[in-house]
Amino acid sequence: MASEPGWLGSTQSINQSIFSMLTPDLTTAYFKAPDMCRILDGQKVFEPSVGVLPTTGWLIANCPTTAMVLGLLSLSFVVMTWKIVYNVFLSPLRNIPGPPLAKFTSKWLTFNELAGNRSLVVAEAHKKYGPVIRIAPDELSFADHSCIKELYLRGSKFPKSRRYDGFASGTRASFDMTDIDQHRERRNLVRHVLAQSNIDECETLIADQVRKALLWIPQVKGQSVEVMLWLRRLMLDTAGGLFLGRSFDALENYQPPSFLGDLDDFFALTALRWFAPWILTIMSWLPFTSVQHFLGAQRRGYQYGRKAFDDYIKQYGRRSGRTDLLTKMVGTEDHTPMTDAEIADELGSLLVGATDTTVVVATWLLWELAQRPQWQIRIRQELRDNKIDFIKGVPKYKSIVSLPVLHGFVMESMRMHPAQSIGLPRVARTDDASIGGVKVPAGTMVSIQSRVVQRDPEIYPSPNDFLPERWIETNGGTKEMKDSFIIFSKGSRACLGQYVALMELKFFVSAFVNGWNLRLGKETTKETMTQTDYFLAFPKARECHIVFEKVVK
Ligand code: HEM
C-alpha cells in the first residue's frame, strides 16, 4: 500500500505524545501492537488503515496501568450504581418522604449548606413533606418537638456525629467529644467549673466588660455605627477575663485582636473538614504563607489556651484565690481535676464556644430592639418601676434576672434567631434506635432544627411575628414553649454556658436601654440582615448598624 511517510510520521508523533501523557507503558505497548503498525523502510510506523485504537482487551492485556485505571473506573461505576439502587429502592429509609434529590445524594444539601441556606430549605421541606423527612440518603430531620427528648435528652441513643471531628484541634474538648462515656466524665468536670455559683462570683468581671463597652457609646452618639465587631470585642474580652485570667483588651485597641480572624478561619476550616477534606490536603501542599496561616487557625486557637494557661500558672501559681473560672479549672496541688493539656484544650474550645454564639444572639437582639422604640420604652419603664440601681451604668444581675419584660424580649429574640439553627447533628449507634416511632438504622444522621420547632404554630401562634408578650403573658413561657426552646440544646450536651450568656445579654440590654435610644442605621436593611447559616446563624452582611441617642430624662 502506498504511504506518505511525512504524514504518517506526524500522526505517529501526535499519537505518541498523547499516549505519553496518559501512561508511559501505554506508549510503549501501543507502538508494539502488531495490528496497529507496519514496517516501512525498515522503520515501525503507525498505520491508520490497519486500526485506529487498540482494543480494550488488548490494552488490558498489555498495559498494566491502563488496566488498573479502567478497572477502577468500572468499579466506581458499579459502586455508584449500587449505591443509587440501594438508596432509592432498598434502604430502610426509602419510604420516608423528602425532596426527591435527597434519595440519591447529599450534594443538594451540601450545596445549600455552603450557600448558607440549610435551615431555610429544610424548614421549607418540612412544610411540604411533613414532620419526619429524609434530607440525604442517610440523614433524617424531625420537626416535632416531642422528639427532642429521644434525640437530645439524657439516655439518648444518639451521640454527636462525626461532624464534630472538624472542631477538634488534635485532642478533644467537652464540646467536640463524640464518645458518650468520655464526654460524661469530662462534662462533670467542666460543669462544676461553670456552675451558677461560680458565675455569680464572677459577676463583677462580666459587668466590668460591659462598663468598658458603654464608654464607647458617647463617642459615637448620633452616628450610625457598626455594632457586630464591637460586640465581638466585648464577648471576647469577657471570655478572656473568665477563662484566661486576662482580657484581650479588644475593647481598648483600635486594631481587632488576631484571635477574631482565627475564629473566622476556624469555622471555615470545620466546614471544609466536613464537606471537602481533600481541599485541605491540597491546600497543605501549597507553599503560600496566607494558605498555611489559614490552615493553622485551629492550632493557634489551642495555643491561646495553652499559653494563657502557662502564663497564668507562672504568675499566680495553683492557689491563686482569684475569682475567675480558670482558677476553678486549675484546681489545687491536692486536687487537679484535669491534666494541664486537657485544661488547655477546654480553654481553647470555650473561647470559641463563648464568643461568636453570644455575638450572633446579641446582634439579632440589638437589631430587633432598634426597630422597636415602644419596647425600649417598656423595658426602660420596667427598670424604673423596679427602682433598679445602676452601678457605673450596669445593674446587679440579681435585680434584673427575673424582670418579665426584659426576659420576654430576650427570649423572643432568641426564639426567632437561634444562634445555631441548622440542627445539632447526631447519629444512630445501633439498629434498635427510633425517634417518634420511626425506626432509625445505625449510621443515620438525625437532627431537629431550632428554626423549625421554635416556630411551631401550635406552640407559638403567629410564629413569624416578633411578640415578646407571649413570654410575659405566660409567666416566662408555657411548658410546651420551654420544651421546644432548644437554642441552648437540651440534656447531656446542652450548653454549659447558658447562664453566662443570659447574664451578658441582660446586662448589656438593660445598660443600653437605660441610657440610650436605639434606632437602625440606614446601612442596615432586611436584605443585609438575611439569615445565613454557617454553623452559626450570621446576618448576611456580617454587620449591623445602629444609631445611639441619649435618653432625655
Ligand atoms: C447565647 C450564647 C450561646 C448559645 C446560643 C450557645 C449554644 C450552645 C449549643 C446549642 C450547644 C450544644 C451544641 C451541640 O450540641 O452541638 C452548646 C454547647 C456548649 N456551650 Fe454554649 N452557647 C452560648 C454561649 C456559651 C458560653 C458563653 C459558654 C461558656 C461560658 C458556652 C459553653 C458551651 C459548652 C462548654 C458547650 C458543650 C457542652 C457539652 O457538649 O457538654 N456556651 N452551646
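Order of appearance sets the numbers: ligands from 1, and atoms from 1 within every ligand.
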For atom 34 (C) of ligand 1, find the nearest protein heavy atom and state the residue, atom name and distance (0.1 Å precision).
Leu496 N, 3.9 Å
protein heavy-atom neighbour closest to atom 16 (O) of ligand 1 works out as Tyr164 OH, 2.4 Å
Heavy-atom proximity to atom 27 (C) of ligand 1 ranks first, among Cys495, Ala354, Ser174, for Ala354
Are Phe158 and Tyr152, when compared by the centres of their aromatic rings, separated by less than 6.0 Å?
no
List the steps, then state whether salt bridge (Lys or Arg N to Asp or Glu O under 4.0 Å) holds for Arg134 with Glu139.
CA-CA 6 Å; Arg134 188 181 186 191; Glu139 187 167 356; over 6 Å; no
Lys/Arg-Asp/Glu bridge criterion (N-O < 4.0 Å) met for Lys212, Asp208:
no
Part of Phe243 within contact of ligand 1 (heavy atoms, under 4.0 Å):
side chain
Give me the residue, atom name and distance of the protein heavy atom closest to atom 40 (O) of ligand 1.
Arg493 NE, 3.0 Å
Suppose I only count heavy atoms of Ala419 and a 4.0 Å limit; which atoms of ligand 1 are within that range?
5 (C)
For Lys396, look at atom NZ and say whether over 12 heavy atoms of other residues, nucleotides or ligands are found less than 6.0 Å away.
no
Does Asp262 pair with Arg300 as a salt bridge, N-O distance under 4.0 Å?
yes
Any non-hydrogen atom of Gln420 lying under 4.0 Å from ligand 1?
no
More than 12 heavy atoms of other residues, nucleotides or ligands under 6.0 Å from CD of Gln498: yes or no?
yes
Side-chain donor-acceptor contact under 3.5 Å, Asp200 with Tyr499
yes
Would Arg426 count as being in polar contact with ligand 1, using the rule that some N or O on each side must be under 3.5 angstrom apart?
yes
For ligand 1, is any non-hydrogen atom under 4.0 Å from Lys160's backbone (N, CA, C, O), its side chain (CB onward), both, or neither?
side chain
Minimum non-hydrogen distance to atom 35 (C) of ligand 1, winning option of Val361, Leu350, Thr357:
Leu350
Audit row: His407, Ile472, side-chain contact (heavy atoms from CB on, under 4.5 Å) steps and yes/no
CA-CA 8 Å; His407 184 70; Ile472 303 168; over 6 Å; no
Is the Lys NZ or Arg CZ of Arg542 less than 6.0 Å from the centre of Phe538's six-membered ring, within 45° of the axis?
yes
Please report which non-hydrogen protein atom sits nearest to atom 13 (C) of ligand 1, along with the residue it belongs to and the distance in Å to one decimal place.
Phe175 CE1, 3.5 Å
Please work out, at 4.0 Å between heavy atoms, whether the side chain, the backbone, both, or neither of Ala494 comes within that distance of ligand 1.
backbone
Suppose we measure from atom 10 (C) of ligand 1 to each protein heavy atom; which comes out shortest, and what is that distance?
Ile487 O, 3.2 Å
Need the ligand 1 atom indices (1-based, order shown) with element for anything under 4.0 Å from a heavy-atom of Gly353.
24 (C), 25 (C), 42 (N)
Polar contacts were defined as any N/O atom of the residue lying under 3.5 Å from an N/O atom of the ligand; does this apply to Gln498 and ligand 1?
no
re atom 32 (C) of ligand 1, the protein heavy-atom contact at minimum distance is Gly497 N, 3.7 Å
Would you check the N or O atoms of Arg187, main chain and side chain alike, for any that come under 3.5 Å of an N or O of ligand 1?
yes
Among Phe167, Phe488, Phe535, whose heavy atom sits nearest atom 4 (C) of ligand 1?
Phe488
Could you walk me through whether Glu382 and Arg378 pass salt bridge (Lys or Arg N to Asp or Glu O under 4.0 Å), step by step?
CA-CA 6 Å; Glu382 184 180 57; Arg378 276 191 76 172; over 6 Å; no
Counting the benzene-type ring for Trp, do Phe266 and Phe535 have ring centres under 6.0 Å apart?
no
